[in-house]
Chemist: 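Input: one structure, supplied below.
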Amino acid sequence: MNKNSNILFIKEENSEFNYETQAFDSFFEKVEMVLGEQKALKLIYKNKYDVIVNDMSVDVEEGITLMKQLKEMKPQQEFVSLVLPKDEERIGDLMEAGVHTFVLTLEQFDQALEAIAHLDPAAKD
């Protein structure tokens, strides 16, 4: 696990995931949370992140569009999408684009964060 990872977490309004979990502090050095695409883009341009995570539990179509745009903009960046099981059949394009995708229930949120902490961006080369 890479406790030194810095992540950007793009939140969704009305998400049911528990953003107050202690898992963020346990697994990552620095976590910046942002609500909305425009704020996320500003942070992405100004900062370097090991992993960018997008909560797609509310609006899957918007999340797919955003992640594809970000992946085209920064092809070497590690991206992760969090998707509920009801939307699993809609994420094939993301996986083909190289976006890590976790299909999870609300109860599996902390486990997904732990798995994200194990991603090694340096191993892409």
Side-chain angles (χ1 to χ4, degrees):
M1 180 177 339
N2 189 357
K3 170 73 168 124
N4 296 324
S5 291
N6 295 324
I7 70 166
L8 174 65
F9 193 95
I10 305 168
K11 303 188 303 185
E12 282 220 335
E13 194 169 0
N14 302 319
S15 176
E16 294 183 44
F17 288 125
N18 178 14
Y19 297 138
E20 300 300 319
T21 179
Q22 294 298 313
F24 285 111
D25 292 335
S26 298
F27 300 130
F28 305 104
E29 176 68 24
K30 179 180 174 189
V31 178
E32 290 190 80
M33 289 196 191
V34 64
L35 182 62
E37 179 179 338
Q38 293 307 313
K39 291 179 182 177
L41 288 171
K42 286 179 185 176
L43 286 174
I44 291 167
Y45 282 122
K46 291 199 297 192
N47 301 291
K48 180 176 177 349
Y49 298 98
D50 297 302
V51 181
I52 297 172
V53 182
N54 188 21
D55 172 357
M56 294 177 32
S57 64
V58 178
D59 190 342
V60 176
E61 290 306 317
E62 185 176 303
I64 289 171
T65 301
L66 174 62
M67 293 307 274
K68 283 181 167 180
Q69 289 172 343
L70 292 175
K71 190 65 177 173
E72 286 179 18
M73 185 176 78
K74 291 188 148 212
Q76 298 303 313
Q77 176 69 58
E78 291 284 351
F79 291 99
V80 175
S81 293
L82 303 179
V83 182
L84 295 174
K86 67 180 178 60
D87 296 312
E88 180 175 11
E89 72 281 351
R90 300 164 71 187
I91 59 171
D93 288 348
L94 285 178
M95 293 186 295
E96 288 177 15
V99 175
H100 300 282
T101 307
F102 289 86
V103 178
L104 65 147
T105 64
L106 299 176
E107 296 79 23
Q108 295 170 317
F109 186 62
D110 286 1
Q111 291 171 302
L113 293 176
E114 182 175 8
I116 292 166
H118 283 88
L119 291 176
D120 185 2
K124 284 191 96 147
D125 299 329

Chemist: Partners of L43 by side chain to side chain contact (heavy atoms under 4.5 Å, CB included), sequence neighbours excluded?
Modeler: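 Result, side chain to side chain contact (heavy atoms under 4.5 Å, CB included) vs L43: L8, E32, V34, N47, Y49.
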Chemist: Should H100 and L119 be marked as a side-chain contact (heavy atoms from CB on, under 4.5 Å) after you check the CA-CA gap, both sets of side-chain angles, and the distance that decides it?
Modeler: CA-CA 10 Å; H100 300 282; L119 291 176; 4.0 Å; yes
Chemist: Return the set of residues passing side chain to side chain donor-acceptor pair (under 3.5 Å) with N18 (not counting sequence neighbours), or none when no residue passes.
Modeler: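 Here no residue qualifies.
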Chemist: Between V80 and F102, what is the shortest heavy-atom contact and its length?
Modeler: CG1-CD1, 3.4 Å
Chemist: Take L66 and F79 through the side-chain contact (heavy atoms from CB on, under 4.5 Å) test and state the conclusion after the steps.
Modeler: CA-CA 11 Å; L66 174 62; F79 291 99; over 6 Å; no
Chemist: Return each pair, listed once, that meets salt bridge (Lys or Arg N to Asp or Glu O under 4.0 Å) where at least one residue sits in residues 10-22; pairs must be two or more places apart or across chains.
Modeler: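 The answer is none; no pair qualifies.
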Chemist: How close do T105 and P85 get, heavy atom to heavy atom, and via which atoms?
Modeler: CG2-CG, 4.1 Å
Chemist: Which residues pass the side chain to side chain contact (heavy atoms under 4.5 Å, CB included) test with M95, not counting sequence neighbours?
Modeler: I91, T101
Chemist: Within a 6.0 Å radius of atom NZ on K46, are there more than 12 heavy atoms belonging to other residues, nucleotides or ligands?
Modeler: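 At most 12 heavy atoms, drawn from other residues, nucleotides or ligands, come within 6.0 Å of this atom.
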Chemist: Do K68 and D93 have side chains that get closer than 4.5 Å, going by heavy atoms?
Modeler: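 Yes, their side chains come closer than 4.5 Å.
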Chemist: Flag the pair L84 / V60 as yes when at least one side-chain heavy-atom distance between them is below 4.5 Å, and no otherwise.
Modeler: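 L84 vs V60: side chains apart.
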Chemist: Are M56 and D87 packed together at the side-chain level, in the sense that at least one heavy-atom pair is separated by less than 4.5 angstrom?
Modeler: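 They are not in side-chain contact.
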Chemist: So how far is it from I10 CD1 to K39 NZ, rounded to the nearest 0.5 Å?
Modeler: 13.0 Å
Chemist: Side chains of M33 and F24: does their closest heavy-atom pair fall under 4.5 Å?
Modeler: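 Heavy-atom side-chain distance check passes, below 4.5 Å.
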Chemist: Restricting to side chain to side chain contact (heavy atoms under 4.5 Å, CB included), what partner residues turn up for L41, sequence neighbours left out?
Modeler: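 So L41 forms a side chain to side chain contact (heavy atoms under 4.5 Å, CB included) with E37, Q38, Y45, L70, M73.
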Chemist: When you measure from the side chain of D55 to the backbone of S57, do you find a donor-acceptor pair of N or O atoms at a distance under 3.5 Å?
Modeler: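 Yes; judged by distance alone, with no hydrogens or angles, the pair exists.
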Chemist: Checking side-chain contact (heavy atoms from CB on, under 4.5 Å) for the pair D50/E78: CA distance, chi angles, key distance, verdict?
Modeler: CA-CA 7 Å; D50 297 302; E78 291 284 351; over 6 Å; no
Chemist: Report the relative orientation of the aromatic rings in F17 and F109; use parallel for angles under 30°, tilted for 30 to 60°, perpendicular for over 60°.
Modeler: parallel
Chemist: Using side chain to side chain contact (heavy atoms under 4.5 Å, CB included) as the criterion, list what pairs up with E62, not counting sequence neighbours.
Modeler: D59
Chemist: Just by modelled atom types, is the I7 backbone N or O under 3.5 Å from a matching donor or acceptor in the E29 side chain?
Modeler: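 Absent.
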